[in-house]
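Working notes, beginning with the structure itself.
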Amino acid sequence: MVLSENDNTIPILTFSVIIRIEKLRLMATSIILHNQGGHPIMRTTEMLIPTLREVPAEAEVVSHKLLLRAGFIRKAASGVYTYLPLAQRVLRKIKNIVREEMDKQGGQELLMPIIQPAEMWLESGRWHVYGPELFRLKDRHNRDFCLGPTHEEVITLLMRGEVRSYKQMPQLLYQIQNKFRDERRPRFGLMRGREFIMKDLYSFDRDEAALDVSYKKMHEAYTNVFNRCGLQFRPVEADSGAIGGSSTHEFMVLAESGEAAILYCTKCDYAANVEKATSQPAAGLDPTTQQLALKEVSTPGQKSADQVAAFLSMATGQIIKTMIYQTDKEIVAALVRGDRDVNEIKLQNVLGALTLELAGDAAIQQATGAVAGYVGPVGLKNIRMVADPEVMAMANAVAGANKAEAHFANVNPNRDFKPELVEDIRLVRAGEPCPKCQAELQEAKGIEVGQIFKLGTKYSETLGATFLDENGKEKPIVMGCYGIGVSRTMAAAIEQNNDENGIIWPAAIAPFHAVVIPVSAKDENQVKLAGKLYQELNQTGVETVLDDRTERPGVKFKDADLIGYPLRIVVGGKAIEEGVVEVHQRRTGKTELIPVAQVVEQINKLLPTL
RNA sequence: CGGGGCGUGGCGCAGUUUGGUAGCGCGCUGCGUUCGGGACGCAGAGGCCGCAGGUUCGAAUCCUGUCGCCCCGACCA
């Protein structure tokens, strides 16, 4: 019999099963307490908490190491993990916080299939677009299916069938579901897996204004979720990428191990993914600058902007860097200042290209007549040029001459070349001025734990999900989608909350609030008192584990630190002789001696502050 | 997908160069001593050396193929 995790009811099967279950329940309520939907609180001698002394060789980042060592996860395949009981408890807490915040904004939970028929994806066009990241499979009749990496198709088709009128909206529907992506390179344990747990909510609105309302609700909900999870995070503006859509924010947990680079303002609230980040546009061309005559200079062996600048004794910022890119439809030249880099995502968006990569030597030669390093905009023909606005503000600059070993000096935009497009295509770096307030931008690494997204009518149009407005006019539903990586959030929490001894769980998502440790398993008085405290704490709602193993105290302390219980209650000799127990806070290391009679009350007071 | 590395008891590793039938630490089992930060002693259990071929009297070791895993890069709702 398999019970789903959210199912608190027990299906009635046979009489004997019922009897057994009832017996267990009676036993459980008499000795052990229940919480969280029927989970009995347990003693470590009865629990599966396989801690490891040594770090498995496969782990690189701290969350992965600690999840393995502390007995939270085990690998089934690359990027695929079993969540052991401790992890499952953490996941349930995160999910419950998510549920509460979604429901608070009017979200309704549903559950969609993991297995999705190819037809849905053919209809949206993504069956062929999605590529090898989509886990595909066939049934016995050779029909195509996939494991859902996301659920826009399923939900949009559902709503196409159910929504007829503007009166039926808005709708905010969400699920918490396992998702599948056949990542090229799964890595960092739970951070980038091939199977992962995600909350996804989809909003359905009658128009953009209503979508804005839904979007704001989700922004608020996400802020609440990550605050409640005890995470340090930042919502950042992001590139809308392949899904399309107009506006999107990512919620980034700040951590060194993060895979995303973000830029944020030190003064105002501006923050953006580096893919999207902009900075204060450079000052316009100084009209008093005299434009000098174009001249060719010999620059043997000087290819990079730095080399050329050094060779000619000028600043790298005076060089025009020309990069040749190959897209799915054309070859283009991208111009940025020598001390800048091209932001390929911005460039791709500007060009409306599906793919973009640096052109090879042969393509560069063919398009420009020069080799990489000596390419420049002057005299470049039959190839589109995209210039960053900064380039247009340069005067008497240096650029490649489109022939070997030579550059032009005194190059002036508009006079010597005229790009087809002038767009922001540069990669912003720390130190540049904020686009909003001009204060200095800083750079940080982040783990993307959530993203909210205005989809608009992209899916409703292709899938024909329409409704009638108050004028009886048929319109496509305006959609948004909003994801939270639940399993990734667990990993991110550890990245942000750990020390050399192990995990330091924020109390709101800790698998248990406290552990009670009798110092000596042989001392009956200690064991009895520890058991009593354990029961009383649980009765007052403090989720407590009793470490009743006959291990030496050091072993139990080490495990407690590793697992990261926010509170540790040690019942030792003093408890019996002086009537005090030791309450230790994992995060601060603070230890207090508290009279036995007050412990339960004190801990109940302490817990909400952790 | 490109580059690099690794598969040897549950975990961490040595042994591979120079073929001779597998070893160390941790963990595990039993007994004893210990008992406030991963104890000690004694006695044990546990491995077709990723898999499949091949070379050889003999393969963890050499050759071929294959599978898996990790790291860097590219990529990424």
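Quick note: numbers below take in every heavy atom, side chains included, and nothing from hydrogens, waters or symmetry partners. Below, chains carry the letters A, B, ... as their sequence lines are ordered, and counting in each starts from 1.
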**Message:** If the test is side-chain hydrogen bond (donor to acceptor under 3.5 Å, both in side chains), which one of A:Lys454, A:Glu220, A:His249 qualifies with A:Tyr215?
**Reply:** A:His249
**Request:** Answer with base, sugar-phosphate or nothing: what part of the nucleic acid does A:Glu357 contact at a heavy-atom distance below 4.0 Å?
**Result:** nothing
**Charged N-O contact under 4.0 Å between A:Glu259 and A:Lys445** = no
**Prompt:** NA contact type, A:Asp559, heavy-atom cut-off 4.0 Å: base, sugar-phosphate, or nothing?
**Reply:** base
**Message:** Suppose you measure atom C1' in B:C11 against the same atom in B:G46; what distance do you get, rounded to whole Å?
**Reply:** 14 Å
**Message:** Regarding B:G25, can its base be found pairing with the side chain of A:Glu54 as donor and acceptor, where the two atoms are less than 3.5 Å apart?
**Reply:** yes
**Request:** Taking atom P in both B:G68 and B:C57, compute the distance separating them and give it to the nearest angstrom.
**Result:** 35 Å
**Asked** Side chain of A:Arg53: nearest nucleotide among B:G38, B:C70, B:C75?
**Response** B:G38
**Asked** Considering only side-chain heavy atoms of A:Lys558, which listed nucleotide, B:G36, B:G38, B:C76, is closest?
**Response** B:G38
**Asked** According to the interplanar angle, ranging from 0 to 90°, do the rings of A:Tyr222 and A:Phe251 count as parallel (below 30°), tilted (30 to 60°) or perpendicular (above 60°)?
**Response** tilted
**Message:** Exactly one of A:Leu546, A:Thr544, A:Val599 should register a side chain to side chain contact (heavy atoms under 4.5 Å, CB included) with A:Leu533. Which one does?
**Reply:** A:Val599
**Request:** Pick base, sugar-phosphate or nothing for A:Ala77, based on heavy-atom distances below 4.0 Å to the nucleic acid.
**Result:** sugar-phosphate
**Check: B:G38 base within 3.5 Å donor-acceptor of A:Arg69 side chain** = yes
**Message:** Could you identify the nucleotide paired to B:C1, looking across every strand shown and requiring Watson-Crick or G-U wobble geometry with both distances under 3.5 Å?
**Reply:** B:G73
**Prompt:** Which part of the nucleic acid, if any, lies within reach of A:Pro149 when heavy atoms closer than 4.0 Å are counted: base, sugar-phosphate only, or nothing?
**Reply:** nothing
**Asked** Between the base of B:G2 and the side chain of A:Arg185, is there a donor-acceptor distance below 3.5 Å?
**Response** no
**Prompt:** Which of the following nucleotides, B:A39, B:C69, B:C71, is nearest to the side chain of A:Ser78?
**Reply:** B:C69
**Request:** With the side chain of A:Lys75 defined as its heavy atoms from C-beta on, choose the nearest nucleotide among B:C70, B:C28, B:G37.
**Result:** B:C70
**Prompt:** Choosing from B:G37, B:G36, B:G38, which nucleotide comes nearest the side chain of A:Arg568?
**Reply:** B:G37
**Prompt:** Mind checking the P distance from B:U16 to B:A60? Whole angstroms is fine.
**Reply:** 14 Å
**Prompt:** Start at the 5' end of RNA chain B and walk down; is the nucleotide closest to A:Gly483 or to A:Arg184 reached first?
**Reply:** A:Arg184
**Request:** In whole angstrom, give me the gap between the P atoms of B:A43 and B:C26.
**Result:** 15 Å
**Prompt:** Taking the side chain of A:Arg187 as heavy atoms from C-beta outward, which of B:C70, B:C75, B:C35 is closest to it?
**Reply:** B:C75
**Fill in**
Re B:C42: Watson-Crick or G-U wobble partner, both distances kept under 3.5 Å, found to be B:G30
**Asked** Roughly how far apart, to the nearest Å, are B:C24 and B:G9 at atom C1'?
**Response** 12 Å
**Asked** Can you tell me the Watson-Crick or wobble partner of B:G23, both distances under 3.5 angstrom?
**Response** B:C13
**Request:** Select base, sugar-phosphate, or nothing to describe what A:Val570 touches, counting heavy atoms under 4.0 Å on all strands.
**Result:** base
**Asked** With respect to the side chain of A:Ala57, which nucleotide from B:A74, B:C76, B:G12 is positioned closest?
**Response** B:G12
**Asked** Using the benzene-type ring in the case of Trp, are the ring centres of A:Phe72 and A:Trp505 under 6.0 Å apart?
**Response** yes
**Request:** Please determine, for B:G68, whether a Watson-Crick or G-U wobble partner exists with both distances under 3.5 Å, and give it or none.
**Result:** B:C6
**Side-chain donor/acceptor contact of A:Glu551 with base of B:G38 under 3.5 Å** = no
**Asked** Given the P atoms of B:C63 and B:A59, what is the spacing between them in whole Å?
**Response** 15 Å
**Fill in**
Among B:C72, B:G37, B:C70, the one nearest any side-chain atom of A:Phe188 is B:C72
**Message:** Would you measure the distance from the P atom in B:G47 across to the matching atom in B:G10 and give it in whole Å?
**Reply:** 8 Å
**Prompt:** Any idea how A:Phe512 and A:Tyr565 line up, ring-wise: parallel (<30°), tilted (30 to 60°), or perpendicular (>60°)?
**Reply:** tilted
**Message:** Parallel, tilted or perpendicular, judged at 30° and 60°: which one describes the rings of A:Phe180 and A:Phe135?
**Reply:** perpendicular
**Asked** In whole Å, what separates the P atom of B:U33 from that of B:C51?
**Response** 44 Å
**Fill in**
Checking B:A39, B:G37, B:C71 against the side chain of A:Arg552 (C-beta onward), the nearest is B:A39
**Fill in**
When A:Arg488 and A:Lys522 are each assigned the nearest nucleotide of RNA chain B, the 5'-most assignment goes to A:Lys522
